[in-house]
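Take a look at the structure set out below.
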Amino acid sequence: MSKPKSSSTTSRPTQQNLLLCTIQDSMESPGTEKKDILLLGASGFTGRLILKYLISHPTRTQSDAAFTLGLAGRSTDKLRRVAAEVGANNIPIHELDIQNEQQVRTLFTAYRVVITSVGPFWHYGKVVAKVCAELGVHYVDIT
């Protein structure tokens, strides 16, 4: 079944652009000092792709819509190497055991959005999703 054609001449936004619009909407909370996006698992294949996308996104550097980005994972050494490889210099890097709820809670209070590429999610995502829900932090995974 084909979709009905729109009478609008504007192109339809992609899922990626919709995600960034949603993230940007959530970042417009005046009076908060939170950082915008925390990426978990950037040293893995998919996490690296997400990092490259976020670093190269045009709104990353536009002063009126710029967003901050941080990385977290088991190995800060790996994260530093990945960040250097993709040109993501001067980004906060945090060592984090995502199964340690207190560590997760402490770090997540500083961010508005958490994107995780750490899987399998049924094993490693429970604490992350739980803490995000409890803190009101936006949660995105790759499933």
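Annotation: salt bridge (Lys or Arg N to Asp or Glu O under 4.0 Å) contacts involving residues 67-76, sequence neighbours excluded, are absent. For residues 83-93, the side-chain hydrogen bond (donor to acceptor under 3.5 Å, both in side chains) pairs, not counting sequence neighbours, are Arg48-Glu85. Among residue pairs with one or both ends in residues 90-100, none qualify as salt bridge (Lys or Arg N to Asp or Glu O under 4.0 Å); sequence neighbours excluded. Sorted by first then second residue, the salt bridge (Lys or Arg N to Asp or Glu O under 4.0 Å) pairs that include residues 132-143, not counting sequence neighbours, are Arg105-Glu134, Lys130-Glu134.
In this structure, the side chain of His57 engages the main chain of Thr59 through a donor-acceptor pair within 3.5 Å. Without hydrogens or angle criteria, Thr46 side chain to Ser117 main chain gives no donor-acceptor distance under 3.5 Å.
Here the OG1 atom belonging to Thr68 is positioned 10.0 Å from the CG atom belonging to Leu38, to the nearest 0.5 angstrom. The CG atom of Leu107 lies 11.5 Å from the CD1 atom of Ile98; values are rounded to the nearest 0.5 Å. Separating the CG atom in Leu71 from the NE2 atom in His94 is a distance of 8.0 Å, to the nearest 0.5 Å. The OG atom of Ser75 sits 12.5 Å away from the CG atom of Leu96 when rounded to the nearest 0.5 Å.
Shown here for Leu39 and Gly47, the closest heavy-atom pair between the two residues is CD2-O, 3.6 Å. Summarising the geometry of Val86 relative to Lys52, their closest heavy-atom pair is CG1-CG, 3.4 Å, with the distance given to 0.1 Å. Listed here is the closest heavy atom pair of Ile55 and Ala88: CD1-CB, 3.5 Å.
The side-chain heavy atoms of Tyr124 and Leu40, taken from C-beta on, include no pair separated by under 4.5 Å. You'll find the side chain of Val140 stays beyond 4.5 Å of the side chain of Thr116, heavy atoms only. Side-chain contact between Ile50 and Ile115: present, with at least one pair of heavy atoms (C-beta onward) separated by less than 4.5 Å. Using a 4.5 Å heavy-atom threshold, the side chains of Leu69 and Asp36 count as separate. By the 4.5 Å heavy-atom criterion applied to side chains, Val113 and Phe67 are not counted as neighbours. Val104 has its side chain out of reach of Gln99: every pair of non-hydrogen atoms, C-beta onward, lies at least 4.5 Å apart. For the pair Val131 and Val137, the minimum side-chain heavy-atom distance is 4.5 Å or more.
The cationic group of Lys34 does not satisfy the cation-pi geometry with Tyr111, failing either the under 6.0 Å distance to the six-membered ring centre or the 45° limit from the ring axis.
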May I have the list of side-chain donor-acceptor pairs in residues 76-84 shorter than 3.5 Å, sequence neighbours left out?
| residue | atom | partner | partner atom | Å |
| --- | --- | --- | --- | --- |
| Thr76 | OG1 | Arg80 | NH1 | 3.3 |

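Phe45 belongs to a hydrophobic cluster with Leu49, counting contacts under 4.5 Å between side-chain heavy atoms of Ile, Leu, Val, Met, Phe, Trp and Tyr, direct or through other members.
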> Would Phe121 and Ile142 satisfy side chain to side chain contact (heavy atoms under 4.5 Å, CB included), going step by step from the backbone distance to the final call?
Replying inline: CA-CA 9 Å; Phe121 295 104; Ile142 60 171; 3.4 Å; yes

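Remark: Pro58 engages Gln62 in a side-chain contact (heavy atoms from CB on, under 4.5 Å) (not counting sequence neighbours). Residues forming a side chain to side chain donor-acceptor pair (under 3.5 Å) with Thr109 (at least two apart in sequence, or on another chain): none.
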